[in-house]
Amino acid sequence: MENKQIADFFVRIADLLEIQGENPFRIRSYRNAGRILADMPDSLDEMVRSGRNLQDISGIGSGISKKIVEIVETGRLKFLDEQMAKVPSRLPQLLRVEGLGPKKIKLFYDKLGIDSLDKLERAAKAGELRDLDGMGAKSEEKILKGIQNVRRGLGRFKLDVGLSYAQALVEYLKNVKGVKRLETSGSARRRRETVGDLDILAICDKNSPIMGKFTSYEGVEEVIASGETKSSVRLTCGLQVDVRVLERGSFGSGLQYFTGSKAHNIALRSRANERGLKLSEYGVFEISTGKKVAGREEKDVYKALGLPLIPPELREDRGEIEAAEKGTLPKLIELSDMRGDLHTHTRASDGKNTIGEMAEAGKKLGYEYIAITDHSKAVRIANGLDEERLAKQLREIDKVNSSLSGFRVLKGVEVDILADGSLDLSDEILKECEVVIAAVHSRFGMEEKEMTERIICALENPNVNVLAHPTGRLILAREPYKVGLKEVIRAAVDNNVCLEINAHPDRLDLRDVDAQMAKEMGAKISISTDAHSKVHLDLMKYGIFTAGRAWLEAKHVVNTLALSGLLKSIGNGK
DNA sequence: GCCGTTTTCGGCCCGACTGTTTTCAGTCG
């Protein structure tokens with residue numbers, strides 16, 4: 001069973017216990033476990049079967065580890081069944097309605113028998129909710145809006161989408177009178193692959209009209225809250241945006257606080273408490289005296305807790321606090337470390353530009369090289385190249401190179417891994433290439449064992465240098481295919497094949513935690529854009545974001561190397 | 001339910017905003 005599915009058992013338990021008004025800390029443990037397990041790169045299924053001690057995972061104790069074993073061995077969990085029997089089956093869905101929590105849901109059910117979204121909507125429309133304790137006409141209205149949003153399926157947005165809205169808003173707010181500083185925080189600042197909302201922080205003069213300007217921004221569909229220090233709106237696209245005004249003296253602690261993650265902050269606050277300190281968005285305070293000891297700059301906040309500044313990308317409570325304490329934080333890779341792009345397309349297959357145009361664009365970015373890697377013939381819809389057309393393409397690359405100085409176009413191809421694990425082009429022509437990228441573009445529905453063998457078979461071909469988008473997922477659109485990633489990584493290491501972090505914001509594949517695992521297993525990583533036009537070469541930054549979240553340094557990534565080092569490292573002629 | 005170089009028991013992050021309230025509970029991040 002997939003980790004994600006196992007994690008879901010615990011999220012559901014948390015929801016069910018919450019509605020029953022259980023101990024909130026117990027609920028947090030389950031919710032926490034759900035988060036940790038969903039993010040884990042190692043297969044729990046495998047860990048259980050090989051008898052590994054699950055309690056080694058921080059946040060997993062004896063209770064939950066027993067439950068994981070039960071889930072893996074039987075596919076079910078008695079405890080979850082018991083909880084489900086106590087709560088009407090559709091009640092947890094109501095938690096998705098904004099502004100509706102467990103207490104209200106329980107109240108509605110106890111008093112009015114409401115156990116579904118439809119019944120809730122009917123009751124709200126009929127004005128039956130307003131007579132209940134703590135309810136009124138306004139709460140009914142809010143609930144109706146919340147129901148609408150659930151039905152519209154609003155959820156998370158891809159990082160590039162979130163960042164573009166954030167940038168537009170910052171540009172707009174920058175020009176408001178009295179605004180001194182603006183900063184985007186939250187998951188966008190941590191560069192998560194998706195963002196649920198935007199948190200924009202501001203410093204401004206006392207009587208700046210920032211909040212009024214913000215809530216009247218043209219893209220605002222609905223004002224959810226508007227106060228002096230916090231306002232919250234929903235844009236027409238469905239994205240929620242919060243703006244918070246902070247005092248100059250607590251901007252650092254505010255930035256720290258609103259950047260999160262929640263789990264990182266909780267861990268940090270516990271650490272503060274251990275040291276007789278209290279951490280909030282207003283600063284770090286001595287508990288005994290109430291004296292403020294930090295808050296102006298983010299690095300001061302960490303310093304007050306005995307830590308160096310932790311990069312936002314790492315703030316997920318995945319060991320970064322311990323690493324900071326020991327002084328072993330990585331020096332994260334930066335965009336300026338990149339010397340080239342190893343995965344690009346031209347008009348020969350489904351790209352928009354010529355070899356020369358791609359080269360020129362790459363050179364402009366300060367690169368030393370790019371590899372042209374068009375599709376192979378199996379990808380008919382992309383006009384993939386057969387041996388003959390590829391041979392012609394390689395000669396054209398030679399021609400382009402002869403007209404360039406200080407820059408090199410590498411001869412490459414993105415060759416399809418066929419269903420049986422063989423490659424779509426002959427070894428003879430692959431030998432002519434300097435960068436052979438292998439990729440799966442078909443038969444995504446295979447069983448895991450079959451898919452794993454298929455990919456490993458391709459990695460064993462001595463001509464293959466890179467495995468492109470190793471899991472095939474499209475963020476928010478397509479689940480990854482089933483594959484034994486650990487075995488694939490091991491085969492990549494054994495055969496000196498690089499694993500790609502595909503930088504396209506639709507893919508980001510390998511994802512952060514998997515890339516981190518690959519690094520730890522000793523795999524080489526490449527970061528490339530899969531550009532289908534010259535403007536796509538700019539997407540490299542998203543790959544760098546993901547690499548940062550994977551704790552990667554420049555030395556782990558092959559295309560930070562100069563040309564000769566690169567060719568040697570990827571084992572050309574291995 | 002998890003966790004522990006002060007603890008195997010007794011803690012567990014902290015504050016803003018809303019809508020309903022004359023002092024606060026619920027929800028959110």
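Labels below follow one simple rule: chain letters A, B, ... track the order of the sequence lines, proteins then strands, and each chain is numbered from 1.
Spacing of P atoms, B/dC28 relative to B/dT23, comes out at 26 Å, to the nearest Å. Spacing between B/dG1 and B/dT5 at atom C1', rounded to whole Å, works out to 24 Å. To the nearest whole angstrom, the two P atoms, one in B/dC13 and one in B/dC24, are 23 Å apart. Spacing between B/dA16 and B/dG11 at atom C1', rounded to whole Å, works out to 25 Å. For B/dC17 and B/dT6, the P atoms lie 38 Å apart once the distance is rounded to whole Å. One C1' atom belongs to B/dT20, the other to B/dC9, and the distance between them is 39 Å to the nearest Å.
The phosphate of B/dC17 (OP1 or OP2) has no side-chain N or O of A/Arg244 nearer than 4.0 angstrom. Contact check, A/Thr229 against B/dC17: a side-chain N or O comes under 4.0 Å of OP1 or OP2. Listed pair A/Tyr30 / B/dC2 fails the phosphate criterion, with no side-chain N or O lying under 4.0 Å from OP1 or OP2. For the pair A/Lys230 and B/dG15, the criterion of a side-chain N or O lying under 4.0 Å from OP1 or OP2 is not met. Look at A/Ser139 and you'll find a side-chain N or O under 4.0 angstrom from OP1 or OP2 of B/dT20.
Each of B/dC14, B/dG29, B/dG1 was ranked by its minimum atom distance to the side chain of A/Arg269; first place goes to B/dC14. Comparing B/dC13, B/dG29, B/dC2 against the side chain of A/Gln240 picks out B/dG29 as the nearest. Of the candidate nucleotides B/dG29, B/dG19, B/dC13, B/dC13 has the atom lying nearest to any side-chain atom of A/Ser270. With B/dG29, B/dC13, B/dC3 as the choices, the nucleotide that has an atom nearest any side-chain atom of A/Asp197 turns out to be B/dG29. For A/Lys103, the listed nucleotide lying nearest its side chain is B/dT27; candidates were B/dC14, B/dT27, B/dG1.
Across all strands, A/Pro24 comes closer than 4.0 Å to no nucleic acid atom at all (heavy-atom distances). Within 4.0 Å (heavy atoms only), A/Ser226 reaches sugar-phosphate atoms of the nucleic acid but no base atom. Using a 4.0 Å heavy-atom distance criterion, A/Ile27 is classed as making no nucleic acid contact. Among the heavy atoms of the strands, none lies under 4.0 Å from A/Leu268. Base engagement by A/Phe25 is indicated by at least one non-hydrogen atom pair under 4.0 Å involving a base atom. In this structure, A/Lys67 reaches the sugar-phosphate backbone alone: every heavy-atom distance under 4.0 Å involves primed, P, OP1 or OP2 atoms, never a base. Residue-level contact check: A/Ala267 touches neither bases nor backbone, having no heavy atom under 4.0 Å from any strand.
In this structure, A/Lys106 and A/Lys103 have side chains that are not in contact, with every pair of non-hydrogen atoms separated by 4.5 Å or more.
Residue side chain A/Asn23 reaches the base of B/dG1 through a donor-acceptor N/O pair under 3.5 Å, judged by distance alone. A donor and an acceptor atom sit less than 3.5 Å apart, one in the side chain of A/Tyr257 and one in the base of B/dG29.
Comment: A/Lys125 does not engage A/Glu140 in a salt bridge, judged by the lack of any side-chain N to carboxylate O separation of less than 4.0 angstrom. A salt bridge does not link A/Arg511 with A/Asp509: none of the charged nitrogens is closer than 4.0 Å to a carboxylate oxygen. Using a cutoff of 4.0 Å between basic side-chain nitrogens and carboxylate oxygens, A/Arg52 and A/Asp56 are not scored as salt-bridged. Under the 4.0 Å criterion applied to side-chain N and carboxylate O atoms, A/Glu18 and A/Arg31 are assigned as salt-bridge partners. The pair A/Arg271-A/Glu325 meets the salt-bridge criterion, since a charged nitrogen lies less than 4.0 angstrom from a carboxylate oxygen.
Both distances falling under 3.5 Å, in either a Watson-Crick or a G-U wobble arrangement, place B/dG10 opposite B/dC3.
With rounding to whole Å, A/Asp242 atom CG is found 11 Å from B/dA16 atom C1'. Atom CD of A/Glu140 is separated from atom C1' of B/dT18 by 16 Å (rounded to the nearest Å). Whole-Å rounding puts the A/Arg28 CZ to B/dC28 P distance at 16 Å. Atom pair A/Ile266:CD1 and B/dC28:P shows a separation of 16 Å (rounding to whole Å applied). Between A/Leu239 atom CG and B/dG29 atom P the separation is 12 Å, expressed in whole Å. Residue A/Lys262 contributes atom NZ, which lies 15 Å from atom P of B/dG15 at whole-angstrom precision. Separating the CD atom of A/Glu274 from the P atom of B/dC12 is a distance of 12 Å, rounded to the nearest angstrom. If you measure from atom CG of A/Leu201 to atom C1' of B/dG15, you get 15 Å, rounded to the nearest angstrom.
Between A/Phe79 and A/Tyr30, the ring planes are parallel. Angles under 30° get that label, and only those over 60° would be called perpendicular.
When each of A/Ser280 and A/Ala225 is assigned the nucleotide of DNA chain B bearing its nearest heavy atom, the one mapping closer to the 5' terminus is A/Ser280. Take the nearest nucleotide of DNA chain B for A/Gly136 and for A/Gly227: the residue whose nucleotide is more 5' is A/Gly227.
For A/Arg248, the side-chain hydrogen bond (donor to acceptor under 3.5 Å, both in side chains) partners two or more places apart in sequence, or in a different chain, are A/Glu297.
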